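Below you'll find the structure, written out as structure tokens, and then a few comments.
Convention: sequence-line order gives letters A, B, ...; per-chain numbering from 1. As the structure is a prediction and not an experimental result, all values here were calculated from the model.
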Amino acid sequence: EDQVTQSPEALRLQEGESSSLNCSYTVSGLRGLFWYRQDPGKGPEFLFTLYSAGEEKEKERLKATLTKKESFLHITAPKPEDSATYLCAVQAWGASAGGTSYGKLTFGQGTILTVHP
Amino acid sequence: DGGITQSPKYLFRKEGQNVTLSCEQNLNHDAMYWYRQDPGQGLRLIYYSQIVNDFQKGDIAEGYSVSREKKESFPLTVTSAQKNPTAFYLCASRRLAGGPEQFFGPGTRLTVL
């Protein structure tokens, strides 16, 4: 069974204080690992897809990296507007039914990030 | 602008009532999904559909039903058989010929009174 564990559950930072969020996963053949940002009361907003170990992607103050067992979301010099819940999800190549891949995502419980001015 | 819309944003239901949540997309995406989100838990898959007139159960389909009569629409009915329906419901979609990432709507918060 695919599993995703995110840590820490909550993270409080001062504006400008860089840090990292962790996503550990076990999956039977990784097709993709995804990072989403979710603001309170809203739907998740897609950030990144990572496909293989060693891959990195960046967007503004965010950088996502991937190893064979975990992914990190690095936040450099965060601002208060970066405050949100960050979700990690994985999709396995074996996520199929009736021989057709249906793209099931397995999500972690999220990390609540709060950045204080 | 292309996107996914869900309505209503808030929904209140009395015990024993069925309610239907709307999900519409104009992204020309093939596959559509329904997830449920509870505090402190990851999103869980309820139902999914890859083509019109076809859909499959996800991990927690009991007490829910769906239809896919049009490519753009994938409504979810929460029936009285669902024992704990209070949750945040999210609809997502993706293009089968594109990347594996799914794109989400704004969500519907259902509260059972």
Side-chain angles (χ1 to χ4, degrees), chain A residues 1-10 23-25 27 29-52 55 57 59 64 85-112, chain B residues 3-10 21 23 25 27 29-51 54-61 68 74 87-111:
Chain A
E1 182 180 341
D2 303 336
Q3 289 189 333
V4 178
T5 302
Q6 293 187 244
S7 63
E9 291 186 11
C23 172
S24 297
Y25 66 90
V27 63
L30 181 69
R31 182 182 184 198
L33 183 141
F34 311 90
W35 283 99
Y36 289 87
R37 169 194 170 125
Q38 185 175 27
D39 292 310
K42 297 188 177 181
E45 173 190 350
F46 171 73
L47 293 174
F48 305 109
T49 304
L50 300 168
Y51 294 98
S52 58
E55 188 175 4
K57 288 193 176 175
K59 179 180 180 179
T85 297
Y86 290 85
L87 305 175
C88 174
V90 298
Q91 186 181 112
W93 279 109
S96 63
T100 302
S101 174
Y102 63 84
K104 174 187 173 180
L105 297 182
T106 300
F107 281 85
Q109 79 280 16
T111 293
I112 302 171
Chain B
I4 304 171
T5 58
Q6 292 186 242
S7 62
K9 185 173 182 179
Y10 299 99
L21 283 59
C23 177
Q25 54 95 4
L27 300 168
H29 284 179
D30 312 282
M32 298 185 74
Y33 307 82
W34 274 105
Y35 291 88
R36 168 182 173 140
Q37 187 174 35
D38 295 283
Q41 295 191 40
L43 277 67
R44 293 180 289 168
L45 182 65
I46 303 173
Y47 266 98
Y48 65 96
S49 168
Q50 296 194 98
I51 57 174
D54 185 62
F55 47 83
Q56 304 295 331
K57 293 181 179 180
D59 297 326
I60 56 166
R68 187 89 186 274
F74 191 40
F88 191 46
Y89 290 87
L90 290 159
C91 178
S93 69
R94 74 178 180 106
R95 196 164 59 91
L96 291 180
E101 53 272 357
Q102 296 174 17
F103 298 91
F104 285 83
T108 292
R109 184 164 300 279
L110 172 64
T111 302

Exercise. For the atom pair CZ (A:Phe107) and OH (B:Tyr35), what is the distance rounded to the nearest 0.5 Å?
Worked result: 5.5 Å

Problem set entry | Residue pair B:Tyr33, A:Leu105: steps toward the side chain to side chain contact (heavy atoms under 4.5 Å, CB included) verdict | CA-CA 10 Å; B:Tyr33 307 82; A:Leu105 297 182; over 6 Å; no

Exercise. For chain A, which of B:Gly42, B:Ser49, B:Gly40, B:Pro39 has the most heavy-atom pairs under 4.5 Å?
Worked result: B:Gly42

For this session: Compute whether any side-chain donor of one residue and acceptor of the other, for A:Gln38 and B:Gln37, lie under 3.5 angstrom apart.
Result: yes

Exercise. Is it the backbone or the side chain of A:Leu87 that comes under 4.5 Å from a heavy atom of chain B, or both, or neither?
Worked result: side chain

Exercise. Is it the backbone or the side chain of A:Phe48 that comes under 4.5 Å from a heavy atom of chain B, or both, or neither?
Worked result: neither

Problem set entry | Most chain A-contacting option - heavy-atom pairs closer than 4.5 Å, from B:Leu90, B:Ile4, B:Asp38 | B:Leu90

For this session: Quick one: which of A:Gly32, A:Pro44, A:Gly43 has the most heavy-atom pairs under 4.5 Å with chain B, could you say?
Result: A:Pro44

For this session: Starting at NZ of B:Lys9, measure out to NZ of A:Lys42 and round the result to the nearest 0.5 Å.
Result: 7.0 Å

Exercise. So, for A:Phe46 and B:Glu101, which heavy atoms are closest and what is the spacing to 0.1 Å?
Worked result: CE1-CB, 3.5 Å

For this session: Using non-hydrogen atoms and a 4.5 Å limit, figure out which bit of B:Gln41 sits close to chain A: side chain, backbone, both or neither.
Result: backbone

For this session: Flag yes if more than 12 heavy atoms outside A:Lys57 fall under 6.0 Å of its NZ atom; otherwise flag no.
Result: yes

